[in-house]
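Structure, as structure tokens:
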Amino acid sequence: MTVRTRFAPSPTGYLHIGGARTALYCWLEARRRGGTFVLRIEDTDQERSTQEAVQAILDGMNWLGLRHDEGPFYQTLRMDRYREVADRLLREGKAYYAYESKEEIEAMRNDAMARGVKPRYNGYYRDRNEPYRDDPNRVIRFKNPVGGSVVFDDKVKGRIEWSNEELDDLVIFRSDGFPTYNFAVVVDDIDMGITEVIRGDDHVNNTPRQINIYHALGAPVPEFAHLPMILGPDGQKLSKRHGAVSVMQYRDDGFLPHALLNYLVRLGWSHGDQEIFSVAEMNTLFDVSDVNKAASRFDVAKLSWLNQHYLKNDDPLELAAEFEWHLRRIGIDPDQGPAPADVIVALRDRVQTLKEMAERARTWYAPISEWDEKAIEKHLKTDTAPAALEDAKTRLAALAEWTPVAIHGVVEQVAAALELGMGKVAAPLRVAMTGTQISPSIEHTIYLAGRDGALARIDDALARARG
RNA sequence: GCUCCCUUCGUCUAGUGGCCUAGGACACUGCCCUCUCAAGGCGGGAACACGAGUUCGAGUCUCGUAGGGAGCACCA
């Protein structure tokens, strides 16, 4: 049988880190085994589901490159089907109508808690065979098996056994006529032929009751893999307050999609000591059976390291588009300045994100807006700076070819001619080019300014050196 | 309260009874390189939650304790 996995988010918000990892693992498992990855939107919660959230999830997956093979399927479009299956269960005596009000159920629950036992529905209507009545409290409950236990081998957690005594007759159809989650997922997973249910481990407790529904429906039970949670840096549950929010926030913060993917794939999974995985490698190496059982914390420092790794190793031309997106985002026109790929090469050893890169690239796309006074004092207003700048200006103006290598030659010539150390020449030039004491190597910094720009900046610096 | 799950350096992890005086990576840190900042190279500190067993031998198996987490809904 061909493998089919699915990612089934409920559209109540953006695609967050945990959801993205679940989606990634579902996708990878399908890819490695030549299977199909299905996307299903679980929107039966009318109160909280929104169209914007659906779009946000789609956007997030798209940015990460997690393409689904089938779907998206919407549960709200399958209402007739759930009804049909529930009717079948009713007809076969595997489900029944119950008429307690929510208040009565609540009371039952509180009473059980007070007595120190697990709250369960008491099964009042289970074998009563009362004629159907059109009561506003009417719900359909599933007849959970009474004795025995449910056993399943979770691909990450291992064997889990659950006594049926712990399970009660859960509601599968609410009084408002909507199916409940535990029922809808099972019907969907059966209909969509899902063979591997990969989801967050907050669902482990639901699994036994779902398995009972599979049995009642006479459907084959899929494999389950329950993924541990991703915690915030402080070990607490991830939330907006921790900053680790929408995956799109990571885009805004300057992370590369494959860097995030690499980080996520290693969070809870490993392949020996390997840290760097291309998407193609993940596709062949990832196996959900090798996922760890324990929760892990999200560490931006490591993500940043991976991000820089890709910044340094990817083809600058391929990075250009995403980089230009960041330039425009902060109001820079990539066409009015050096080639973005050249800027990437100059800055990639110095920043960890594209966002930082864009900010530091501003030097070459716009006039210097802020001068570091300390830099002027220290490197321009010196005995040797004016002469060094003058000489550099003359030589740069006469340079045959405008390349970093040639410019490097100029800086050396100036140093030799004036009998100065490289630092005494590079420093004033650096301040002249950027207004600060920090920049990439001086030849690249000058190169990126362009010949006209470089000469103009030297003039400007000369004026400040003498002023 | 009840049920289920989890526990190796600060963090992510390797480790499936002897290869472990516990390996790698991020972070931190020392030195080197150096026109600044980085990047890079070479080093360093840093962990098997605890207690009993089983065994010739336990990070690895069993039980218990402690600490975390999840669920116990007409929410997914």
Side-chain angles (χ1 to χ4, degrees), chain A residues 8-12 42-45 47-49 75 98 100-102 105-106 109 112-121 137-141 154 157-158 160-163 165-168 170-182 184-185 200-208 226 228-229 231 233 235 237 263 266-276 292-306 308 312 347-352 360 375 379 408 411-412 415 421-431 434 436-443 445:
Chain A
S10 61
T12 53
E42 309 217 323
D43 55 354
T44 50
D45 184 349
E47 303 282 299
R48 303 190 300 153
S49 300
Q75 290 190 320
E100 287 87 356
S101 65
K102 289 180 185 176
I105 296 297
E106 184 63 22
R109 181 189 148 78
M113 291 282 261
R115 295 202 330 269
V117 297
K118 193 166 179 166
R120 298 172 80 245
Y121 171 62
N137 288 326
R138 179 203 68 252
V139 298
I140 300 176
R141 283 183 183 271
D154 191 279
K157 302 280 182 185
I160 292 176
E161 180 164 2
W162 215 283
S163 167
E165 301 308 315
E166 297 296 326
L167 275 21
D168 64 356
L170 75 157
V171 170
I172 58 174
F173 250 85
R174 306 188 229 152
S175 53
D176 64 3
F178 280 91
T180 58
Y181 166 76
N182 280 302
V185 258
D201 70 2
D202 46 331
H203 290 287
V204 227
N205 304 284
N206 290 323
T207 308
H226 287 98
M229 298 189 63
L231 274 17
K237 197 169 173 173
Y263 179 70
R266 279 286 287 105
L267 200 58
W269 174 82
S270 61
H271 180 70
D273 287 337
Q274 189 172 342
E275 296 287 350
I276 304 298
N292 283 160
K293 296 175 172 188
S296 41
R297 303 188 191 203
F298 193 88
D299 179 19
V300 202
K302 187 156 184 183
L303 204 212
S304 298
W305 170 74
L306 277 167
Q308 187 181 39
K312 288 189 299 187
L347 289 173
R348 61 183 175 180
D349 284 339
R350 300 174 165 76
V351 298
Q352 297 197 298
R360 295 196 37 185
H379 298 298
H408 183 75
V411 179
E412 283 181 329
M422 279 292 276
K424 288 287 181 191
V425 181
L429 280 169
R430 171 168 289 113
V431 178
T434 68
T436 73
Q437 302 184 60
I438 298 170
S439 86
S441 65
I442 193 60
E443 65 266 25
T445 304

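Side chains are part of it too, since the values below use all heavy atoms of this structure and drop only hydrogens, waters and symmetry mates. Letters A, B, ... are given to chains in the order of the sequence lines, protein chains preceding strands, and every chain is numbered from 1.
Proximity of Pro440(A) to Arg350(A): side-chain heavy atoms (C-beta onward) are separated by under 4.5 Å at one or more points. Put simply, the side chain of Lys302(A) reaches to within 4.5 Å of the side chain of Glu275(A), judged on heavy atoms.
Of the possible polar contacts, one joining the Asp168(A) side chain to the Tyr121(A) backbone as a donor-acceptor pair under 3.5 Å is found. When atom types are taken as modelled, the side chain of Arg120(A) and the backbone of Leu167(A) share a donor-acceptor pair closer than 3.5 angstrom. Remark: the backbone N or O of Glu100(A) is not paired with any side-chain donor or acceptor of Asn137(A) at under 3.5 angstrom. The closest donor-acceptor contact from the side chain of Thr12(A) to the backbone of Ser49(A) lies at 3.5 Å or more, if one exists at all.
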>> Walk along nucleotides 10-15 of chain B from 5' to 3' and tag each nucleotide B, S or - by protein heavy-atom contact under 4.0 Å, base first, then sugar-phosphate.
In response: -SBSS-
> What is the per-nucleotide protein-contact pattern of nucleotides 66-76 of chain B, from the 5' end, where B denotes a base atom under 4.0 Å from a protein heavy atom, S denotes such proximity for sugar-phosphate atoms only, and - denotes neither?
Replying inline: ---SBBBSBBB
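Under the rule for a side chain to side chain donor-acceptor pair (under 3.5 Å), the partners of Thr434(A) that lie at least two apart in sequence or sit in another chain are Thr436(A). By the side chain to side chain donor-acceptor pair (under 3.5 Å) test, Arg138(A) is found to be paired with Tyr132(A), Asp134(A), residues two or more places apart in sequence or in another chain being considered. Legend: residues meeting side chain to side chain contact (heavy atoms under 4.5 Å, CB included) with Ser270(A), ordered by chain and number and at least two apart, are Arg266(A).
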>> Could you walk me through whether Lys157(A) and Ile160(A) satisfy the side chain to side chain contact (heavy atoms under 4.5 Å, CB included) test, starting with their C-alpha distance in whole Å, then the side-chain angles of each, then the deciding distance to 0.1 Å, before giving a yes or no?
In response: CA-CA 8 Å; Lys157(A) 302 280 182 185; Ile160(A) 292 176; 3.9 Å; yes
Would you list the protein and nucleotides 18-21 of chain B atom pairs, both N or O, that sit under 3.5 Å from each other?
none

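The gap from the C1' atom of G59(B) to that of A47(B) amounts to 10 Å, rounded to the nearest Å.
Nucleotide G71(B) is matched to C2(B) when pairs are restricted to Watson-Crick or G-U wobble geometry with both distances under 3.5 angstrom. Within the shown strands, G18(B) is the pairing partner of C56(B) under the Watson-Crick or G-U definition, both distances less than 3.5 Å. Pairing of A39(B), defined by two Watson-Crick or G-U wobble distances under 3.5 Å, is not identified with any nucleotide.
Checked against C5(B), C35(B), A27(B), the side chain of Met422(A) finds its nearest nucleotide in C35(B).
Rounded to a whole Å, the NE2 atom of His226(A) is 13 Å from the P atom of C6(B).
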